[in-house]
Protein chains: 2
Amino acid sequence: MKIGELSRATGTNIETIRYYERIGLLPAPSRTAANYRSYGDAHRARLAFVRHSRDLGFTIEEIRSLLDLSDHPERDCADADRIATRHLEQVEEKIAQLALLREELSRIVGRCRGGIAADCRVIEALGDHAQCESAH
Amino acid sequence: MKIGELSRATGTNIETIRYYERIGLLPAPSRTAANYRSYGDAHRARLAFVRHSRDLGFTIEEIRSLLDLSDHPERDCADADRIATRHLEQVEEKIAQLALLREELSRIVGRCRGGIAADCRVIEALGDHAQCESAH
DNA sequence: TATGCACCCTGTATCAACTACAGGGTCAAG
DNA sequence: CTTGACCCTGTAGTTGATACAGGGTGCATA
């Protein structure tokens, strides 16, 4: 498989594949006579693992740990669960934070009745620090 | 006000204040004889506006537009409402996306019963692309 | 007077996770 | 024989800061 095919097979940008290789997330594949990268099915599976993990929001370093575990099936897998659990907590935290943010934005938005900026409640709300504090 | 005082007054890192000046978000203040930056209350208000906007997740470019409106009170403020409304939509989209993510992470997490990585459901779930697809 | 300390200055490098070229090589079809 | 699709390396840019290195300033204290 050439890099373009791997790219299509996994929905990953070609530049991103080369980037993953450069940072050591994917092993360097063998090369053809023309110095083209040549991938096999193991590469495809590993890249799919990485993409799926990235889609779930794991960082590259977390994925490194997860791949390391995946490469050493005899090891204790408690780490994997720990990484995933912590990540889930972070996601939940982020959701809570965005929900607060949505509250405040909702209060700000839609209060502009087409006037001039001098009377704009949106601009006013952004400048007014007290309004933010008292709202919480 | 010296930069350290402005920093404490607005809860903004000193380096960040200088960064905002460098990218033209804050006007360059006058200097003391010793070449120290010297801020007034207008600077403080403008920085508070920026910080509040950043806390709400507006990008620097959006803040530039909002500040521009704030600087020209005679202009139509429909833009401000448009920027805030679009941002609210983006926040809502992000929340929805993170909620989906939380679903999948919840399914993955906690299935590890302390065995070895070979049997780990977390690792398995990450590698298994089909499981992800079918789940949606 | 010296000296220590907190504060300030500029300029550049670093972070995450990519993405986007520039400038060149390879290969098959028309 | 040339056009086009594909591949290569290496470097620079993105966002929103943050972190020095290497130096200057200003005030209190020994």
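To find a chain, count down the sequence lines: A is the first, B the second, and so on, and within it residues start at 1.
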Sugar-phosphate or base contact per nucleotide [nucleotides 2-18 of chain C; S, B, -; heavy atom under 4.0 Å]: -----BSSB------BB
Counterpart residues, ring pair (Phe, Tyr, Trp, His ring centres under 6.0 Å), relative to [X] (two or more places apart):
X	answer
A:Tyr39	A:His43
A:Tyr19	none
B:Phe58	B:His87

B:Arg54: partners by side-chain hydrogen bond (donor to acceptor under 3.5 Å, both in side chains), with sequence neighbours left out: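 side-chain hydrogen bond (donor to acceptor under 3.5 Å, both in side chains) list for B:Arg54, sorted by chain: empty.
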side-chain hydrogen bond (donor to acceptor under 3.5 Å, both in side chains) against A:Arg22, all qualifying residues, sequence neighbours excluded: none
